[in-house]
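Heads up, the thing below is written out as structure tokens.
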Amino acid sequence: MADSSTSTDPTEPGDPTKPAGSSDSAGHVGRARADRPVYVIGGGPGGLAAAYALRAQGVRAVVLEKSDQVGASWRKHYDRLHLHTTRRLSGLPGLPMPRRFGRWVSRDNVVRYLEKYAEYHELEVVTGVEVSRVEPTADGSGWLLHATGGRELTGSAVVVATGYNHTPHLPDWPGRDAYTGELLHAGEYRNAAPFAGRDVLVVGVGNTGAEIAVDLVEGGASRVRLAVRTAPHIVRRSTAGWAAQFTGIVVRHLPVALVDRLAKPMAKLSVPDLSAQGLPRPDTGLYSRVNAGSIPVQDVGLIDAVRKGHVEIVAAVEGFEDGKVVLADGDRIEPEAVVAATGYRRALKGLVGHLDVLDERGRPVVHGARTPAAAPGLYFQGYTNPISGMFRELALDAQKIAKAVARRGGVERQPART
């Protein structure tokens, strides 16, 4: 099928981001119309899934993507990254992932899939448009989006899907700016080639930090240390063909205390005790930690690397001093490079922080089909990180959002695509 998705200069005549009811050339908001589209902010998997689901409900959806391609964040991830969820349960609505991608889909194939998804469904995607602020229209009948070049776009509803991993977070460690070694965020890491033969410290033992540490070992780094503040729960990605994701789906709606009790003996059976190597078993329950925002580390080689001493566990980083890294236990080490796998921020404050829709940590107070009481018609897609699988939940939430939008009415209609 030919690619009929839109990626034009939004400042040219016939701009698809300027439907009836949007601002005129003087920058004034035009008269509210009942045929305004739904704007989807973000051309990643969450935004594309929402756009398709809306079209399937007969609602016109326009995706606004600030970069020049869909799936921009996925293009920037490290080379060896694969989904930790199965291909079969990671497809978005209306298009399964091809079998040739294998069970654990690579980063490059995720990007290929997202490109094909937009093309196959003929999604209306406008690239090079960054939305800086969303606010209600003056008459309260819709939403006004402030975008690139001073443009003002008016929509009947808005789906915010700018991504869970939006803005890299690098802690403001004391002495960081005076550190003379190489310091980079994990978002800048691509592969181990630049670190071959070098002493590297990875900070943070989430899935990203664990996988980068293994990648460095396999890529020839002379020494790899992993700084850990809180011992993680580690699970096997698959055991005898049973993917960890399947368990995540099964336990999703069980009582937290029950899952914590069940997980403890299972961990002892499947994961060796790494206390002697500096990774003791956590003293808090697995699902309790998930509810607090800490997803288990899926093993892609970390267990063996730690057991064999290829990855050395050290205390958390407290700061930098005299060219050395200061650890929480008082040790000072001198790695040649530090890779900070210290997470990301949602960075939603500037966009919607004025609408009373974020909690104290900057996360949306609702997601999926629910819309904030203070901001009806504003939806959030992709700001949770469930153990049942991010792509799976994006697909489910996209369809729930689309149905909720269609029920509300007052949107621009177009022939439904199924």
Side-chain angles (χ1 to χ4, degrees), residues 1-8 10 14-22 33-66 69-72 90-98 110 112-129 131 134 142-143 145 147 153-163 367-371 377-382 391-418:
M1 180 177 294
D3 183 1
S4 59
S5 62
T6 307
S7 57
T8 59
D15 173 13
T17 71
K18 191 174 183 180
S22 66
R33 298 269 307 261
D35 59 352
R36 293 173 298 198
V38 174
Y39 282 111
V40 179
I41 306 175
L48 297 179
Y52 164 71
L54 286 162
R55 289 200 63 180
Q57 291 289 327
V59 176
R60 183 185 176 211
V62 179
V63 178
L64 304 176
E65 167 55 46
K66 70 177 182 180
Q69 303 172 93
V70 300
S90 299
L92 301 178
L95 186 67
M97 287 187 171
V110 169
R112 293 186 183 99
Y113 173 72
L114 296 178
E115 291 174 337
K116 183 63 177 179
Y117 192 85
E119 174 190 343
Y120 180 81
H121 290 307
E122 299 180 348
L123 300 181
E124 196 170 350
V125 180
V126 186
T127 58
V129 176
V131 179
V134 176
W143 291 94
L145 288 71
L153 312 171
T154 308
S156 56
V158 174
V159 180
V160 181
T162 52
H367 70 276
R370 298 174 61 197
T371 186
L378 183 66
Y379 299 87
F380 293 91
Q381 161 77 318
F391 273 54
R392 177 180 182 271
E393 297 302 322
L394 289 175
L396 294 173
D397 279 346
Q399 295 174 88
K400 293 174 183 176
I401 290 171
K403 290 176 181 178
V405 170
R407 284 195 301 268
R408 288 177 59 87
V411 295
E412 183 175 352
R413 310 297 300 191
Q414 65 183 62
R417 293 182 57 83
T418 59

Who pairs with Leu145 by side chain to side chain contact (heavy atoms under 4.5 Å, CB included), at least two apart in sequence or on another chain? Tyr39, Ile41, Leu64, Val131, Val134, Trp143, Leu153, Val158

Answer yes or no: is there a side-chain heavy-atom contact under 4.5 Å between Val70 and Glu115? yes

Using modelled atom types only, decide if a donor and an acceptor are shared between the side chain of Arg413 and the backbone of Gly58 within a distance under 3.5 Å. yes

At their closest point, which heavy atom of Gly42 faces which heavy atom of Glu65, and how far apart are they? C-OE1, 3.8 Å

Could you go step by step and tell me if Ser90 and Met97 meet the side-chain contact (heavy atoms from CB on, under 4.5 Å) rule? CA-CA 7 Å; Ser90 299; Met97 287 187 171; 4.1 Å; yes

The criterion is side-chain hydrogen bond (donor to acceptor under 3.5 Å, both in side chains); which residues satisfy it with Arg112, sequence neighbours excluded? Asn109

Please check this pair: side chain of Arg55 against backbone of His121, looking for a donor-acceptor N/O pair closer than 3.5 Å. yes

Do Tyr379 and Val405 pass the side-chain contact (heavy atoms from CB on, under 4.5 Å) test, and can you show the C-alpha distance, the side-chain angles, and the key distance before you say yes or no? CA-CA 9 Å; Tyr379 299 87; Val405 170; 3.5 Å; yes

Heavy-atom pair of closest approach, residues Ala406 and Gln57: CB-OE1, 3.9 Å

State which residue, out of Val129, Val40, Thr127, fulfils the side-chain contact (heavy atoms from CB on, under 4.5 Å) condition with Val63. Val40

Can you name the ring-ring contact (aromatic ring centres under 6.0 Å, His included) partners of Tyr113, sequence neighbours left out? Tyr117

Quiz: residues 397-404 side-chain donor-acceptor pairs under 3.5 angstrom, not counting sequence neighbours:
unit_1, atom_1, unit_2, atom_2, d
Gln399, NE2, Ala395, O, 3.2

